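Remember, it's 1-based here, ligands and their atoms both numbered in the order they're listed. In this text, all values refer to a predicted model and were calculated from it rather than measured experimentally.
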Amino acid sequence: MGRAGTIAIVGSGQGGFQLAASLREAGVEGRVILLGEEGSLPYQRPPLSKAYLLGKIDADMVRLRPERFFAEHRVELRTGTRVIGIDRNARRVVLSACEPIAYDHLVLATGARNRELPVPGARLGGVFRVRTLAEAEALRQALRDARAVVVVGAGFIGLEVAATARALGLDVTVIEAAARPMARALSAPMAEHVRAAHEAAGVRFRFGTTLAQILGADGRARGIETTDGEIVAADCILVGVGVVPNAELAIDAGLAADDGIVVDAYLRTADRAISAIGDCARYPSRFADGPVRLESVQNAVDQARCVAARLAGSPAPYASLPWFWSEQGALKLQIAGLTQPHDEAVLRSDPAVGGLSVFCYRAGRLVGVESANRPLDHLIARKLLGLGLSPSPAQAADPAFDLKRLAAEA
Ligand SMILES: Cc1cc2nc3c(=O)[nH]c(=O)nc-3n(C[C@H](O)[C@H](O)[C@H](O)COP(=O)(O)OP(=O)(O)OC[C@H]3O[C@@H](n4cnc5c(N)ncnc54)[C@H](O)[C@@H]3O)c2cc1C
């Protein structure tokens, strides 16, 4: 499509917002319509399990832009508007409450939703999830009065909430089916480092067990029972067992999906008038052996910029290096590249600096670096991986070896 015409964006989260902003930055002149089912202005999710939950910042500080930004940039933001279908032949999106909207190009930035936990008691009062601002607000209020918290799932969000609850002085138990935290995302040594950091902060873990039921009285959760038969009392339960991509609009419109809307290297679906970005999209990454679907701010933002550039007339395959961060109390975790799967994990640490980095290798090549409280390692790793450089495992393990110089000399 040319620089004019109507671009409709479904989903006004991190990716959808960024796309609208980047289209204008790139000089696209046509209509930009940003459709979001949530009632609020676009906001960022990362603080919801960290500073916002702690009570350090308020809702207006998580907004991506003030309301006037949208009018000033001629972005037609329609909040509280759910798209319920796509008519590909007529190039229209169907809305739940008003007239369909015609598009020249449609971008699906629908994100993901919390995975449900099919156990008795899952809908009792005192059981929370944290994906949206409204959910985070409900959890924030509950934490004010809570004494004991059970977190179900030792993934990034579960552990961020666990650290926040500990910082608020609450008793915290984390239940995890795998044998270690963030088992699918982190190397074994980094997972061990993370476990130790949380335990030092007073978090209790129960690994290798799952939730049998949530126990309640008078409609409110009072604790949980694990499949091992252990009962843990709690007045607040956070379920953080992963997400499901919102791919149904694409599937119902006859587009391919496989744990995410399938797109090509340009982030286009098989229908050239429809793209998909962010948490909902599965794309072929040059940093992985096959297609991947990532859940990170970097991924949503950079994919939005890639699509904006294409729609502005400068198409290029999406090639950004994936990176990610998570803050869990005093633990600042950063990941550069895609570390899974790997067949060799090399530790880099230095008692004088503290923290730990794990350099992950696949078939002898560096594929990613996990860093805990070593921000410099993370920055260097992004440089090395972006340039396709692979220090040897011996170099990575030697704290005296200058990785920065290696990157600078390339
Ligand atoms: C609590 C929390 C903490 C996080 N912390 C970090 C972090 O520390 N670092 C990091 O890199 N990432 C973090 N993330 C992940 C990051 O926020 C997401 O990867 C990012 O928001 C993805 O952007 P997106 O645009 O794809 O989806 P989203 O931001 O989720 O936006 C999708 C939007 O689409 C809307 N939508 C869906 N279907 C429809 C429809 N049919 N009609 C209209 N609207 C629709 C949804 O309601 C939603 O508002 C965190 C996520 C959460 C939930």
Side-chain angles (χ1 to χ4, degrees), residues 8-21 33-53 62 64 77-86 93-98 101 106-115 128-137 139-140 153 155-161 163-164 185 238-240 242-253 260-261 267 275-283 293-304 307 322-328 331-336:
I9 306 166
V10 188
S12 60
Q14 189 86 53
F17 161 77
Q18 184 63 50
L19 176 61
I33 307 175
L34 184 54
L35 303 159
E37 66 185 346
E38 293 187 67
S40 44
L41 289 173
Y43 60 90
Q44 42 180 328
R45 301 187 193 280
L48 300 186
S49 47
K50 310 174 186 81
Y52 181 80
L53 204 54
V62 303
L64 283 157
L77 173 64
R78 302 207 190 160
T79 56
T81 302
R82 183 168 172 76
V83 174
I84 56 170
I86 305 169
V93 286
V94 182
L95 309 182
S96 57
C98 32
I101 291 177
L106 176 67
V107 182
L108 300 173
T110 46
R113 61 183 178 274
N114 293 317
R115 188 180 293 283
F128 298 90
R129 290 122 189 112
V130 56
R131 177 91 204 159
T132 64
L133 186 54
E135 288 170 337
E137 174 56 24
L139 177 60
R140 177 158 109 155
F156 287 103
I157 289 172
L159 290 181
E160 288 179 358
V161 173
T164 301
L238 184 274
V239 179
V243 297
V244 182
N246 291 323
E248 288 74 8
L249 277 180
I251 296 169
D252 293 348
I261 302 164
L267 310 175
S275 305
I277 59 170
D279 283 14
C280 71
R282 172 169 290 269
Y283 74 98
R293 186 181 68 76
L294 301 179
E295 294 158 18
S296 74
V297 168
Q298 172 279 321
N299 184 64
V301 167
D302 286 349
Q303 292 196 340
V307 171
W323 57 267
F324 180 77
W325 85 93
S326 172
E327 286 172 28
Q328 302 172 16
L331 188 71
K332 313 286 181 225
L333 204 59
Q334 293 169 297
I335 304 175

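Every atom of ligand 1 is numbered from 1 in the order shown, and the set under 4.0 Å from a heavy atom of Val130 is 1 (C), 53 (C). Interface of Ala300 with ligand 1, defined as ligand atoms under 4.0 Å from a residue heavy atom, comprises 22 (C), 23 (O). For ligand 1, the atoms sitting less than 4.0 Å from at least one non-hydrogen atom of Ser49 are 1 (C), 2 (C), 3 (C), numbered in the order shown with element in parentheses. Set against the non-hydrogen atoms of Ala109, the atoms of ligand 1 under 4.0 Å away are 32 (C), 33 (C), 34 (O). Taking a cut-off of under 4.0 Å to the non-hydrogen atoms of Ser296, the atoms of ligand 1 that pass are 11 (O), 12 (N), 19 (O).
If you check each of Val83, Thr79, Thr110 against atom 37 (C) of ligand 1, the one with the closest non-hydrogen atom is Thr110. Comparing heavy-atom distances from atom 19 (O) of ligand 1 across Leu108, Leu48, Ile84, Asp279 singles out Asp279 as nearest.
The N/O atoms of Ser326, backbone and side chain alike, include none that comes under 3.5 Å of an N/O atom in ligand 1.
With a 4.5 Å cut-off on side-chain heavy atoms, Leu77 and Pro42 count as touching.
Protein heavy atom closest to atom 34 (O) of ligand 1, with residue, atom name and distance, is Gly11 CA, 3.2 Å.
A salt bridge is absent between Glu295 and Arg45: the closest approach of a Lys/Arg side-chain nitrogen to an acidic carboxylate oxygen does not fall below 4.0 angstrom.
Note on ligand 1: Lys50 sits in its first shell, one or more heavy atoms being nearer than 4.0 Å. Within the 4.0 Å heavy-atom shell around ligand 1 one does not find Thr132.
Contact annotation: for Val297 versus ligand 1, heavy atoms closer than 4.0 Å belong to both the backbone and the side chain.
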